[in-house]
**Student:** 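Have a look at this one.
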Amino acid sequence: MVSLESAERLDAVDPLRSFRARFVGSDDPDVVAYLDGNSLGRPLRASAERLARFAPEAWGSRLIRGWDEEWFDLPLTVGDRIARAALGAASGQVVIGDSTTVLLYKLIRAAVDARPGRTDIVVDTDNFPTDRYLVEGIAAERGLSLVWIESDIHSGVTAEQLAAVVGPNTALVLLSNVAYRSGYLADVPELTRITHDAGALALWDVCHSVGSVPMQLDEWQVDIAIGCTYKYLNGGPGSPAFVYVRREVQPVLRQPIQGWIGHADSFAMGPGFTPAEGMRGFLSGTPSIVGMQAMRDMVELVDEVGMDAIRTKSESLTGLAIDIVDGWSAELGVTLATPRDPQRRGSHVTIEHPHFREITARLWKRGVIPDFRAPQGMRLGLSPLSTSHIELWRGLEAVRDELERLAA
Ligand SMILES: *Cc1c(COP(=O)(O)O)cnc(C)c1O
């Protein structure tokens, strides 16, 4: 059994412990443990202040002048900050765009069109639903075939599995860096190399890794990466996603939603569409400036703290979660659905039990907030800067308590 004291000791030696107080709600007595920062990060206090100022100042007093003064370039400037803080990418390769789903659509379409004559999109059966649904639609639209890798729901896609299916017909490989269900961390450089050896493009969904797992997208030669900003970048519900496109690939990708903001000269308003060069060409319509406000503070904080320190804290939290669950009596019937090797997992831990659906609902009422993933998984999302070891310990103590009540 892992004691409360040992969780306290981990907090005492955690160099990032002071950052938790910077988040709104970190002192709310009704929230005992927030274990879902991987679905919706808590707001920073700085972001709450920024949002409060936004209506009277940037919007209310600069009015339409705001577009010239800052907003027109904001998708690119915030994109560059994310690239530097969290993606291991040089500037000029990231832009904040639409939702993850819409950006994935645009870039999958652009990627398959950039490999004419190749007929296959490789994807795995346990990829995030939106990714799977999109490729089904695009395959039908473009007359392409889907090649499914049967991934293990307790881990994820391996190099051997990918190598066995790619070939001269592969146009695109679409995979997730961190599996949304198991937390499995894919070997991006190795899988990207295998993809390139087959002459295909690699598109990585980095929704669950950006801000929690360090990436070196430039060094790894990733072609395209798309990620959420409302998870570990704390941009708030529905904040827009970002896309990274490696500089050398930008000129060969043409995205299908040709709107005026992606035009080479938006305000000429002339006939015919000429895409803007570089990342602006991946935009379509007016960007969500309101939606881009909160993430700015978190991206600065991530840059200040550094991804390596964030990763160390994340490993400490996920390791503690596994140690706590390992200490439970086998009679509780809980199993681990996340890789034990810290090198192979992201920042959430999934545990399984046939009654976790009901138990999760009861936990939410008592201020312990993990999430449930069918058929029987409870995900413990451990956002490194806003979660403490004690909070995690208390949350899991409540899970154990609910399981014991059920057994009684
Ligand atoms: C959260 C998540 C998404 C969400 O896409 P939206 O368009 O923002 O709803 C997509 N892919 C993965 C892997 C995710 O974790």
Side-chain angles (χ1 to χ4, degrees), residues 35-42 75 79 82 86-87 95-109 111 121-138 149 151 153 155-157 172-186 188 191 202-213 215 217 222 224-244 255 257 282-285 287-288 290-292 294-295 298 314 337-338 345-350 370-374 377 379-383:
L35 305 176
D36 209 2
N38 59 325
S39 279
L40 180 65
R42 288 179 183 270
I82 294 177
L87 302 178
V95 71
I96 310 281
D98 319 273
S99 68
T100 300
T101 300
V102 173
L103 277 180
L104 280 167
Y105 176 80
K106 288 159 71 168
L107 273 296
I108 295 167
R109 274 286 308 266
I121 301 175
V122 173
V123 62
D124 70 294
T125 50
D126 202 38
N127 207 332
F128 191 80
T130 217
D131 302 60
R132 291 183 279 111
Y133 304 156
L134 284 166
V135 290
E136 285 170 5
I138 291 170
I149 295 174
S151 46
I153 68 163
S155 59
V157 177
L172 174 70
V173 173
L174 170 64
L175 297 172
S176 286
N177 186 6
V178 173
Y180 80 103
R181 199 193 302 268
S182 68
Y184 175 85
L185 179 61
V188 179
L191 297 176
L203 197 174
W204 284 96
D205 184 327
V206 298
C207 283
H208 270 97
S209 47
V210 65
S212 71
V213 179
M215 285 179 263
L217 297 182
V222 163
I224 308 161
I226 292 172
C228 288
T229 59
Y230 52 80
K231 292 173 176 166
Y232 297 104
L233 292 182
N234 305 55
S239 62
F242 65 85
V243 53
Y244 161 92
Q255 60 91 4
I257 305 182
F282 295 96
L283 296 180
S284 296
S288 175
V290 176
M292 260 174 251
M295 71 177 81
M298 188 62 175
S314 163
T338 293
R345 63 173 189 255
S347 205
H348 67 269
V349 169
T350 301
D371 72 13
F372 175 75
R373 281 293 172 269
R379 288 195 314 179
L380 312 164
L382 306 170
S383 192

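Order of appearance sets the numbers: ligands from 1, and atoms from 1 within every ligand. When a residue number appears, it is its place in the shown sequence, counting from 1.
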**Student:** Could you measure the distance from the CG atom of D124 to the CD1 atom of I149? Nearest 0.5 Å is fine.
**Tutor:**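 CD1 of I149 is found 6.5 Å from CG of D124.
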**Student:** Using non-hydrogen atoms of the residue, decide whether C228 is closer than 4.0 angstrom to ligand 1.
**Tutor:**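 So C228 counts as touching ligand 1.
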**Student:** Which ligand 1 atoms, with their elements, are less than 4.0 angstrom from a heavy-atom of Y230?
**Tutor:**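 The list of qualifying atoms is 1 (C), 4 (C), 5 (O), 6 (P), 8 (O), 9 (O).
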**Student:** Please report whether ligand 1 has a polar contact with Y180, defined as an N or O pair separated by less than 3.5 Å (distance criterion only).
**Tutor:**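 There is no such contact.
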**Student:** Please give me the minimum heavy-atom distance between K106 and F282, naming the atom from each residue.
**Tutor:**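 Heavy atoms of K106 and F282 come nearest at NZ-O, 2.9 Å.
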**Student:** Please say whether D205 places an N or O atom under 3.5 Å from an N or O atom belonging to ligand 1.
**Tutor:**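 Checking ligand 1 against D205, an N or O pair does fall under 3.5 Å apart.
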**Student:** Only one of H208, H348, K231, R379 clears side chain to side chain donor-acceptor pair (under 3.5 Å) with S39; which?
**Tutor:**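 Looking at H208, H348, K231, R379, the match for S39 under the side chain to side chain donor-acceptor pair (under 3.5 Å) is R379.
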**Student:** Minimum heavy-atom separation for N38 to Y232, with atom names?
**Tutor:**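 Minimum heavy-atom contact is CB-OH, 3.2 Å.
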**Student:** Looking only at non-hydrogen atoms, find the nearest pair between S182 and A337 and report the distance.
**Tutor:**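 Taking every non-hydrogen atom into account, CB-O, 3.3 Å.
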**Student:** Specify the protein heavy atom at minimum distance from atom 3 (C) of ligand 1: its residue, its atom name, and the distance to 0.1 Å.
**Tutor:**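 Heavy-atom neighbour on the protein nearest atom 3 (C) of ligand 1: F128 CE2, 3.4 Å.
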**Student:** Pull out every atom of ligand 1 sitting under 4.0 Å from any heavy atom of S99, numbered as shown with elements.
**Tutor:**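 Contacts of ligand 1 toward S99, numbered from 1: 7 (O).
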**Student:** Which pair of heavy atoms, one from A374 and one from R181, lies closest together, and at what distance?
**Tutor:**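 That would be O-NH1, 2.7 Å.
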**Student:** So which atom in D126 and which in R132 form the shortest heavy-atom distance, rounded to 0.1 Å?
**Tutor:**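 Heavy atoms only, the tightest pair is C-NE, 4.5 Å.
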**Student:** Applying a 4.0 Å heavy-atom criterion (strictly less than), which segment of D131 is in contact with ligand 1: side chain, backbone, both, or neither?
**Tutor:**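 Side chain only.
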**Student:** Considering heavy atoms of the protein only, find what lies nearest to atom 7 (O) of ligand 1 and give residue, atom and distance to 0.1 Å.
**Tutor:**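 The protein heavy atom lying closest is T101 OG1, 2.6 Å.
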**Student:** Please check whether S176 reaches ligand 1 - meaning an N/O of the residue sits under 3.5 Å from an N/O of the ligand, judged on distance alone.
**Tutor:**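 Looking only at distances, the answer is no, because the N/O contact criterion of under 3.5 Å is not met.
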**Student:** Which one of H208, R181, K231 has a non-hydrogen atom at the shortest distance from atom 14 (C) of ligand 1?
**Tutor:**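 Selected option, by shortest heavy-atom distance: K231.
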**Student:** Could you tell me which atoms of ligand 1, counted from 1 in the order shown, lie closer than 4.0 angstrom to a heavy atom of T100?
**Tutor:**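 Numbered from 1, ligand 1 contributes 5 (O), 6 (P), 7 (O), 8 (O), 10 (C).
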**Student:** Taking only heavy atoms of C207, which atoms of ligand 1 are found under 4.0 Å from at least one of them?
**Tutor:**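 Selected atoms, number and element: 2 (C), 3 (C), 10 (C), 11 (N), 12 (C), 13 (C), 14 (C), 15 (O).
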**Student:** List the atom of A179, the atom of S155, and the distance in Å for their closest heavy-atom pair.
**Tutor:**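 Closest heavy-atom pair between A179 and S155: CB-O, 4.0 Å.
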